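Order of the sequence lines fixes the chain letters, A, B, ..., with proteins taken first and strands second; residue numbering starts at 1 for each chain. Note that the structure is predicted; figures quoted are calculated from it, not measured.
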Protein chains: 2
Amino acid sequence: MRTGSNTLLVCLLAGALLPLARAEEGMWTFDNLPLKQLKEKYGFTPTRQWIDHVRLSSVRFNDGGSGSFVSPHGLVLTNHHVALSQLQKVSSEKQNYVASGFYAATRDRELKSPDLEVNVLMSMENVTSRVMSVVTPGMSDQNAFQARKAEIAKIEKESLDKTGLRSDVVTLYSGGEYWLYRYKKYTDVRLVFAPEQGIAFFGGDPDNFTYPRYDLDMALFRIYENGVPVESKDFLRFNPKGAHDGELVFVSGNPGSTSRLDTLAQLEYQRDSWLPLVIRTLQRRSGVLKEYSSLGTEQAREAKTKLFLLANSLKALGGMYNGLQDPKLMARKEASEKEFREIVATQHPEYAAAWTEIAAAVKQMASRLDERFALSHSSNLTGTAQTIVQYVAEIKKPDGQRLPGFHDAQLGSLRFEMFSPAPVYPALEQVELADDLSYAQQLLGPRNAYVKAVLEGHSPAEVAAKAIQGTKLADPKVREALVKGGEPAVDASDDPLIVLARKMDPFSREFIKWREDNVESVLTEAGQKIGKARFAAYGKSTYPDATFTLRLSYGTVKGYPMNGTIAPPETTFFGLYDRATSFGFKPPFNLPERYIARRDRLDLFTPLDFVNTCDIIGGNSGSPVINRNGELVGLIFDGNIESLVGDYIYDIETNRAVAVHPGAMMEALRKLYDAPALLNELEAPAQSSVATK
Amino acid sequence: MRTGSNTLLVCLLAGALLPLARAEEGMWTFDNLPLKQLKEKYGFTPTRQWIDHVRLSSVRFNDGGSGSFVSPHGLVLTNHHVALSQLQKVSSEKQNYVASGFYAATRDRELKSPDLEVNVLMSMENVTSRVMSVVTPGMSDQNAFQARKAEIAKIEKESLDKTGLRSDVVTLYSGGEYWLYRYKKYTDVRLVFAPEQGIAFFGGDPDNFTYPRYDLDMALFRIYENGVPVESKDFLRFNPKGAHDGELVFVSGNPGSTSRLDTLAQLEYQRDSWLPLVIRTLQRRSGVLKEYSSLGTEQAREAKTKLFLLANSLKALGGMYNGLQDPKLMARKEASEKEFREIVATQHPEYAAAWTEIAAAVKQMASRLDERFALSHSSNLTGTAQTIVQYVAEIKKPDGQRLPGFHDAQLGSLRFEMFSPAPVYPALEQVELADDLSYAQQLLGPRNAYVKAVLEGHSPAEVAAKAIQGTKLADPKVREALVKGGEPAVDASDDPLIVLARKMDPFSREFIKWREDNVESVLTEAGQKIGKARFAAYGKSTYPDATFTLRLSYGTVKGYPMNGTIAPPETTFFGLYDRATSFGFKPPFNLPERYIARRDRLDLFTPLDFVNTCDIIGGNSGSPVINRNGELVGLIFDGNIESLVGDYIYDIETNRAVAVHPGAMMEALRKLYDAPALLNELEAPAQSSVATK
C-alpha cells in the first residue's frame, strides 16, 4: 500500500547523483512539468487551465496519503487504507467500521473524523534566493543551518499571517531550491463511504505490493467548512470506462520520500545501518501487537490498524532492503555517481568536497542510530505527552530557534493533532510503552543515562504500568488544560505520563541538537552544493526527490513481464472470485458476505484493478489517475513488488502503479452497496472536466 | 510444457554428486520406492497391489510423453500437447483438428494415429552383473564400451525373442545399475477427444511453464489391438473431486532426462558450450518457421506444431541456462561435489580419477560441438532419408556392432517410424533443409569437408530445392520399397534426397564413432566408478537421474511463494475468464467460441488447474496424479517457471508440478463438449481402484 504514513521513514536530507529522467520516470513539480516529453511522445500539451484544474482537484491527506475531489459538493475519493486510521478512530468495540464498512445514505449521517487535516495546494512561490541570502560566506555549517531555519520559519509565519493559508517552505533538489507552498487547510472531514476491509484489502499482507490484484481499496469523505460541504468547483469527473491499454494517463498526488538523488554513501548507510535497524524495530513492534491481539477480539480490533500499517511498512522496507542488496543496482549508482563527480571536479571544483562531507555525516549518524530508535515511541500517548512537554517550552522561544515542528506556522496543525478526541486504548498503550522502554534498555544497555533516568531502577513493565494506569491524558480536555496552563502547569503536573515525558525530554533535545549540528547541517550544506552543481551542469531537466508535496507523474496503462509470463493491464471481478475460491475462501482471501450473496448481480467482466507506468511512491495512495480530458480514470492504491526499489531507481520495464478501476467502484456502489445517492453525485454533469487538444 | 520430445536434448551419460534426496524430491524407480519416507511423513505404505496397479495403468507415449488408462476399454488420458504431433498428422488444410479440436462420439469415428507407439511397463529385471561381466580388467574404455554395447543388444534381442515384448536395457545411477525393462507395445492408437488448442494451451508461450494457469491440456486416445479396444484391467478411476490442499499425491510417468548427478565439469559444459549452442540453433529454426508461417494460413498450419515445440524447448532451455548462471546453484553443486570427492578419496581411491576423466571427456565434446549441430536436421524427411541409408547398411552387421538405434530389438519401432504415413509438407521441408545446410556452412565454414561434400559448389537453397523437389520419399511406399531392396537398392537410387543422404552418411558415421571412442566410452567408465562409489558410500538411498522410463514421484497439493505473494493451490474457471478479459481476448488469451457461448452453463467455481510438490521434468507431460486410493486426481501438464532448474536441483519451496483438475475435465466434457458417452465411460464403476490402509 502506497501510504507515506510511517513516520520513522524520515529521510535524511540532501544527496547527489543525476538520474537523467528516462521515459515516464519522474514525480514532477507543477511548476516544471515535462512538457517536452509529453509533446514528443504523446502529442499532448496540457493547458494552464488543465494543470490548475488537476492541482485544485488534488487533496493531500496529512496523515500520509492523497485524494481528489470527485463532485462539486466536496466529495473526496481516497483509498480505504488511507481512511483506515480514521475508520479505526470512529469505530468502537460495538461498531467496527473497519470490518463492516460504512455508508452514510444521507449527509446528516456522515461521520466527522476526529483528527484528519487535508490540504489543497493553492500556490507555489520560489523563495530560493531569500532563503539562501541569509547564509554568508565563511559561516559554519551549523550557523548556516540555523540561519536558514530561522528564515524559513519567518517566511512561513509571514505568509500565514498575510493569507491565512497553511504555508510550508519546501526544500527541493537537495537544497538547490526552496519553495513556499500555500495550502487551503480543512479539518472538518466526514466519512461518507468505506467498503469492508475484507474487499478493500482482499489478499491481505501476501498480496500487498503485488499484482495481479483484486482490491476495492476506496473510501469517500466529504469536506465541510463552517458546517456545510465546500463547493469544490474543481473536481474530477468519474469516467466509468477508465483508460484503455496503452492510453496516456497522469497521477496527481503526494509521494512521500525517495532517495534517488542520494549519494552512494547515503545508500550504503541505508543498506547497512538504517534499514536493518528500522526493520528490526518494526518487526519487534509487530510482534508486540500480535501478542496483544491474541488476548481477545477487542484487543485484536484495537491493534488491527497499527498492525496493518506495520506489516505494510515492513513489506516495503524489505523490498527496499533487497533492492540495495542487488549488486547491479549499486553498480549502476556507483557508475552514475562517478560520472557526475568527474564533471563536477572539472567544471565546479568548489562543489567537489560535497561527497566526502556527506559520507562523514552519515557515518556520524550511524554512530548514534541506536539512540534514535531508543528515543522513539510506539505508544502514541507517550508521544503526545512528550509533545506537550516540548510545546509549552518551545512556544516561549523566538520562532526561528524552536525545535522542528514547533514553528508558529505549524502550531495550528500541531494543536489539532495534540487535542484529538480519537479513542485511546490504555491497555495497548501500556504494552507498547513497556516494550519501548525494554527495547531502549536492550539497545543502549542498563547503564545508559537515558535508561537509568526513565527506569529509575524499576522494570519497564512497572514504569509503563504506573505511567499509563495513572495518566489522565487519554482525555483531550486534560491535554488542553495542561497546554493552556503553559510551562508552569506542565512543570508542576504530577500526571505520571507527563512526569515520565519530562524525564525523557532532555535526552530528546540533546539528540535533536546533536543531529542538527553534526548531521543535518552538514548534509544541508553539502546537498546544496550538489544541487547547484547539478543545475549548473544540466539545468532543470529533471525532477526533485519526493517530499510529500504535490507532484504529477505520467505514463500509460501497461502490463509487464512477470515471473516468466506477462501481467495483464487490468484484472476483473472474475479474478476476485478465482483467487478467493483458489484459497478456499480462507483469510485473507475470504470475501464479505454481500460479495457471496450478490455475486449474480455483478457484471464479472467489469475491470477491477489495473496497472500503469506512472512513477509513484509511498504517499501516492489515494491519488487520482487522470486522462487527457482531466477525468478520473483510476485510483492509485499500490505499487507492484518490482516497484519497491522505486526509492532508489525507476525501471519502466517492471515498475508499475496499481489502481482501482472507476468501473469497479461504480459497479460495486450500484450492485452491492445500494448507494444511488452517491452514484448520482459521481455521475454529475461534466462541467468540471477540461478538454485539451 | 513437460514434454521430453526435443531429441536434441540427448543427455551426456554419467555423472556424479550425491544429492541425498530431500523431502518430496525424487523420481523413484518402481523397484526402489521411498517407502520409509512415505511411512514416516504420511503414514502411507503402498501395497504390492497398489504399486502394480499404478504401474500397469501408466502408459508411455514414445514421441515424448506419458499417460494413463482411465477406463477398462483402453481409453488413455494424456495432454493435448502430447497428442499434438498426432493431431497435426491427422489434420489437413481442410480439417484442422489442432485448432478446432476433435471428438469421436462413437468408436467408429475414432482416428488412427499414423505413427504413435505407446508402451506399458510389464516387468523390470536387474541385469547389472551380466552387463558388467563382459568388461574385464585392463580393457580400454573403448573396448569396454563396445563390449557392454554388444551385451546389451544381446540381452534385448534374447528378451524380445523370448517374450515378444519390447525390451530395453536401461542405464541407471550413472552406470551403477543396468535394468532390462519389458514393455507391452501398442501401435494402433486412436484419437478420441481433444479440445481446441486455444483452451489446451490458453495463454500460449507467455503462460507456458508458469502458474497460476488456466489450461484444459487434455486429450483422450483409445488403444486397439487386433482391431478391437484393449481390455485395460488396470486403469485409474476419475475422481472428480480431485485432491485437497495438503493431500498426499503421486505422479507416475516418464521423466525424460535430468542432470542432478552430473559433475561440476558437466554442468559447466552445459552452461558454457551445450546450452548456448542449442539455444542458438533452436532460435534460428524458430525464425525459419516463423518466416515460413508468414507466407499464408496453410503454411502457418503446417509449421504450427513444430513452432510450438521449439518455443516450448526454448523456454525450458532458457530456464536451465538461467539456473546455471546462478552462482548460488553452482556454489551448492561445488560444495556437494567437494564433499563427495573427499569421501571417495579416502574410502575408495580407485574411483577418485573419475572426475578428471569426465572433465577431459566433456572438453573433447565441446571441441566438436559445432559439428554435432551442423550434422543434425530440422528437415524430418532428410532425417528419414539418412535413416534409410544407414538402416540398410547396419542390419547387415552383427547386432552388437551396429550404430545406436539399429539393434535388432529396436528395429520394429524404427520401421514403424520410418514408414509413417503422416503427411509431409514439401515446401516446409525445402525451407528447413536449405537452412540446415546454410547453418552448417556458417558453423563449419565453406572449406569444411562436410560442407563441400553436400553443397558441391552450389548454394544451400539450390541443393535443398533439387533434393526436396525431386524426391519421392514423401510416399511411405517408396521408403518401404527402398528398405526392402536393401543396400543395393539404396546405393543405386537416384532419388536426389537419398543421394544427398549418402553424401552426409560418412560424416555422420565418423562423428558417432569419434564420440563413442572419445566421449561416451570415457563418460561411461568414469560414471560407473562414481555410481559404484556412491552405492559403496550411501547404499541405494537415492533415485537415479531421469531416463524416460517409468518413475513414481510423491508430494502434496500445495501453493508456494511467488513474486511477492503466494500462488494458490488451485485455480478455477473464474480465473480463465479473468485472464482472457484482462488481455481483451487478444491471442494467446482468446477463448474458443464455445467458451464464450456456453459460459453460463459452467460452474465457474470448478477447479481448473492445481499445483503439487511432486518432482517432475520434461517427459512427465500427461502423467496421472494419483491419490492413496489409486484414483486419478489430476493430469500433469507443466512445471512452474521456478521448476526450470529442476534438471539440476529440486527445491521444495518453489518447484511445482502443474496439473489439470479432473473436475474441470468432466465439467468441460459435460457442459461444453456434449460428450455423454465419454463421461459415462470415465464414470465407470470403481472396480479398478485400490484402497490401501
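- Crowding of A:K671 atom NZ: a count of heavy atoms from other residues, nucleotides or ligands under 6.0 Å exceeding 12.
- For A:D207, the parts sitting under 4.5 Å from any heavy atom of chain B are the backbone and the side chain alike.
- Looking at A:T565 and B:R579, their side chains do bring a donor and an acceptor atom within 3.5 Å of each other.
- Chain A forms the most heavy-atom pairs under 4.5 Å with one residue out of B:P561, B:G575, B:G203, B:G559, and that residue is B:G575.
- Using a 4.5 Å cut-off between non-hydrogen atoms, no part of residues 660-667 of chain B approaches chain A.
- Contacts between A:A580 and chain B at a heavy-atom distance below 4.5 Å are absent for every atom of the residue.
- Note that OH of A:Y577 and CG of B:L604 are 11.5 Å apart. Values are rounded to the nearest 0.5 Å.
- Heavy-atom contacts from other residues, nucleotides or ligands closer than 6.0 Å to NZ of A:K315 number more than 12.
- Atom CG of B:N563 is separated from atom OG1 of A:T654 by 9.5 Å, given to the nearest 0.5 angstrom.
- Residues of residues 583-590 of chain A lying under 4.5 angstrom from chain B, judged on non-hydrogen atoms, are A:F583, A:F585, A:K586, A:F589 in numerical order.
- With rounding to the nearest 0.5 Å, the separation of OG1 in B:T581 from CG in A:L608 is 12.0 Å.
- The structure places CZ of A:F610 at 13.0 Å from OG of B:S582, a figure rounded to the nearest 0.5 Å.
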Item to complete: Test B:D578 against A:T571 for side chain to side chain contact (heavy atoms under 4.5 Å, CB included), laying out the working first.
Response: CA-CA 6 Å; B:D578 176 55; A:T571 65; 4.1 Å; yes

